[in-house]
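The block underneath contains the structure these notes are about, expressed in structure tokens.
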Amino acid sequence: MKLKKTLEKKINEHRPRTTRLLKEHGDVKISEVTIAQAIGGARGVRCLVTDVSYLDPFEGIRFRGKTIPETFEALPKVPGREYPYVEGFFYYLMTGDVPTKEETLEVVEEFKKRRQLPQYVIDVLRAAPTDTHPMTLFSQGILAMQRESEFARRYAEGMSREEMWEPMFEDVCNIMPKLPVLAAYIYRMKYKADVHIPADPDQDMGGNFAHMMGIDPPYDDVARMYFILHSDHESGNVSAHTTHLVASALSDAYYALSAGINGLAGPLHGLANQEVLRWVMQFEQKLGGAEPTEERVREALWDTLNSGQVIPGYGHAVLRKTDPRYTAQREFCLKHLPDFPLFKVISTIYKVAPDVLKEQGKAKNPWPNVDAQSGVVQWYYGLTEWDFYTVLFGIGRALGVLTNIVWDRALAYPIERPKSVTTDMLEEAAGLKDSSGS
Ligand code: AMX
């Protein structure tokens, strides 16, 4: 595969940069840690390295140096469709090079060969109680396949550190194409009377996902847009950091991704997209047919805050403006579903919520994140089972976190092990106590 050859070349070019920084400049300080950061989830502590994406608080995400619109613009498009091949985006994330159409299609064909789910994965899914959350099934499905790991096999045989990226890359290329197939199986098993649709040999990843879900075009483009937008958000978010952390123990990609997906399942992270829809539906139920005016939305947002809950889809640990992933999906809605009532409610929340959060004065970022806008697009195309939304996020997120762990092995990043301190030590550092404890 050209992708693998290009990646190898990029890795060989990159390695001396990391080695030099470590050997000659390892003592240079890039961050300091305050007590607030130690207690407060390491917010803003600069201690992770990735070149796959970078999140500027005011500009939002750049994938390999390109903004979201630039990324969509640069990559080869599926003929007759608005959005690029996810496979071409995978090539781009992995190497930093925009692939040609030919290089993209090679990945499309390779992924088709690797997308078949083993029967035992299906057996595992089917053994779960019917009320199991789709994210649990998704994570279990990934973990069940760990026995396939090339990395684990080669490690057991004995491999050098320099070689490790290669079986990690093979594992990643085996996992990635199976994720949409796994997700579609879970969806149809849970919500579509357990009736399944076989893969379409002529379709790319996004197109085949829409086909196996049983949703007509332009849902194929929605899938492509959605997977690309959710792919990566630098290294510190819960799903990316968890995947990186677990892989740093030289656990393989199956273990690492399954763990990252478990983190994504939390309501403060990926699950927020289903929470947004749940919030809106409860709000509409309370309205009982009355117009969702700005005043009524404001009142409902205050009710949520006053009951001690967060406004889902708003706020961010790093971002300090409207998330460009929100904007990209809003633009899609303005083009394809401008009059959809649910989109109008989401837009009214956008008008009102930032001021409510500012007035409350707690959230550092009163602006919407990716999750505030994603459910409405899914709902419009018939995917109303919001329990499933985080699985879609998970397919996309895998593109970024799996790319990162290939590079982690390529650059021989060691096992991650930050140091902890005790509360006594913090009190001492703050001058509240002397070292005798008095
Ligand atoms: N609604 C109500 N309160 C909020 C809020 C929101 N949307 N966002 C932040 N706050 C509160 C925090 O709970 C915190 O309150 P506390 O002082 O009583 O503990 C205070 O504002 C300060 O928090 P912060 O520094 O602004 O945010 P953070 O970095 O601690 O947390 C996040 C970030 C995303 C968890 C938070 O904004 C939140 O809970 N948002 C709602 C859930 C959500 O949309 N999550 C998805 C994020 C994107 C993603 O990962 N998919």
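Counting from 1, the numbers follow the sequence of the chain as shown.
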(request) Spell out, as yes or no, whether a donor-acceptor pair under 3.5 Å connects the side chain of K112 to the backbone of P201. (result) yes

(message) Regarding E102 and T100, do their side chains bring together a donor and an acceptor under 3.5 Å, going by distance alone?
(response) no

(message) Between E166 and K4 (salt bridge meaning N to carboxylate O under 4.0 Å), is one present in this structure?
(response) yes

(request) Taking only Lys NZ, Arg NE, NH1 and NH2, and the carboxylate oxygens of Asp or Glu, determine whether D97 and K10 approach each other closer than 4.0 Å. (result) yes

(message) When you measure from the side chain of E234 to the backbone of L55, do you find a donor-acceptor pair of N or O atoms at a distance under 3.5 Å?
(response) yes

(message) Please check: side-chain N/O of Q37 versus main-chain N/O of R43, any donor-acceptor pairing under 3.5 Å?
(response) yes

(request) Hey, could you give me the NZ/CZ distance between K335 and R330, rounded to the nearest 0.5 Å? (result) 16.0 Å

(request) Compute the ring centroids of Y91 and Y85, then answer whether they are less than 6.0 Å apart. (result) no

(request) Only one of Q116, R115, K113 passes side chain to side chain contact (heavy atoms under 4.5 Å, CB included) with P177; say which it is. (result) R115

N/O donor to acceptor pairs below 3.5 angstrom from side-chain atoms of residues 207-216, sequence neighbours left out:
| unit_1 | atom_1 | unit_2 | atom_2 | d |
| --- | --- | --- | --- | --- |
| N208 | OD1 | D200 | N | 2.8 |
| H211 | NE2 | P198 | O | 2.8 |

(message) Tell me if the aromatic rings of F90 and F111 count as close, with their centers under 6.0 Å from one another.
(response) yes

(request) Using atom types as modelled and distance alone, determine if a side-chain donor or acceptor of D252 lies under 3.5 Å from a backbone N or O of Y255. (result) yes

(message) Main chain of R114, side chain of K178: is a donor-acceptor contact present, judged purely on distance under 3.5 Å?
(response) yes

(message) Any carboxylate oxygen within less than 4.0 angstrom of a Lys/Arg side-chain nitrogen, looking at E291 and R296?
(response) no

(request) Measure the OH-CZ distance between Y185 and R188 for me, rounded to the nearest 0.5 Å. (result) 11.5 Å

(request) Taking all non-hydrogen atoms of both residues into account, name the closest pair between H336 and Y380 and its distance. (result) O-OH, 3.8 Å

(message) Between H233 and H316, is the ring centroid distance below 6.0 Å?
(response) yes

(message) I'd like to know if the side chain of E87 reaches the main chain of M205, judged simply by a donor and an acceptor atom lying under 3.5 Å from each other, with no hydrogens or angles considered.
(response) yes

(request) Taking all non-hydrogen atoms of both residues into account, name the closest pair between A372 and Y314 and its distance. (result) CB-CE1, 4.1 Å

(message) Ignoring hydrogens and geometry beyond distance, is a side-chain donor-acceptor pair present between N369 and R325 at under 3.5 Å?
(response) no

(request) May I ask you to say whether R126 pairs ionically with D123, meaning some side-chain N is under 4.0 Å from a carboxylate O? (result) no

(message) Can you tell me how far apart CG (D171) and CD (Q146) are? Round to the nearest 0.5 Å.
(response) 8.5 Å

(request) Would you give the length of the straight line joining atom CD of E82 to atom CG of D220, rounded to the nearest 0.5 angstrom? (result) 10.0 Å

(request) For P57 and V318, work out which heavy atoms get closest and say how close. (result) CB-O, 3.4 Å

(message) Could you work out, with side-chain hydrogen bond (donor to acceptor under 3.5 Å, both in side chains) as the rule, every residue matching E59, not counting sequence neighbours?
(response) R62

(message) Distance alone, cut at 3.5 Å: any donor-acceptor contact between the side chains of H269 and S239?
(response) yes

(message) For S231, run the side chain to side chain contact (heavy atoms under 4.5 Å, CB included) check against L402, L399, T71, I61 and tell me which one passes.
(response) L399

(request) Indicate whether any N or O donor in one side chain lies under 3.5 Å from an N or O acceptor in the other, for Y187 and E385. (result) yes

(message) Strictly distance-based, threshold 3.5 Å: is any side-chain N or O of T242 a donor or acceptor partner for the main-chain N or O of V238?
(response) yes

(message) Quick one: does any side-chain atom of D371 pair with a main-chain N or O of A272 as donor and acceptor, under 3.5 Å?
(response) no

(message) I'd like to check the salt bridge (Lys or Arg N to Asp or Glu O under 4.0 Å) partners of K2; sequence neighbours left out, ordered by chain and number.
(response) E103

(request) May I ask you to decide whether E163 forms a salt bridge with R154, counting only side-chain N to carboxylate O separations under 4.0 Å? (result) yes

(request) Classify the side-chain pair T403/D232 by whether it contains a donor and acceptor separated by less than 3.5 Å. (result) no

(request) Would you kindly check if the NZ (Lys) or CZ (Arg) of R64 is within the cone defined by 45 degrees around the ring axis of W407 and under 6.0 Å from the six-membered ring centre? (result) yes

(request) State whether the side chain of S248 and the backbone N or O of E416 hold a donor-acceptor pair below 3.5 Å, judged by distance alone. (result) yes

(request) Supply the atom-to-atom distance S139 OG to H133 NE2, rounded to the nearest 0.5 angstrom. (result) 12.0 Å

(request) Answer with yes or no whether the side chains of Y350 and T322 bring together a donor and an acceptor at under 3.5 Å. (result) yes

(request) Give the minimum heavy-atom separation between V377 and C333, together with the two atoms involved. (result) CG2-SG, 3.6 Å

(request) Would you check if the distance from the ring center of F393 to the ring center of Y226 is below 6.0 Å? (result) no

(message) For F72 together with Y83, are the ring centres under 6.0 Å from each other?
(response) yes

(request) Could you tell me whether K190 and D387 make a salt bridge, using a distance below 4.0 angstrom between a side-chain N and a carboxylate O? (result) no

(request) Return yes if some donor-acceptor pair links the side-chain N/O of K77 with the main-chain N/O of L75 below 3.5 Å, else return no. (result) yes

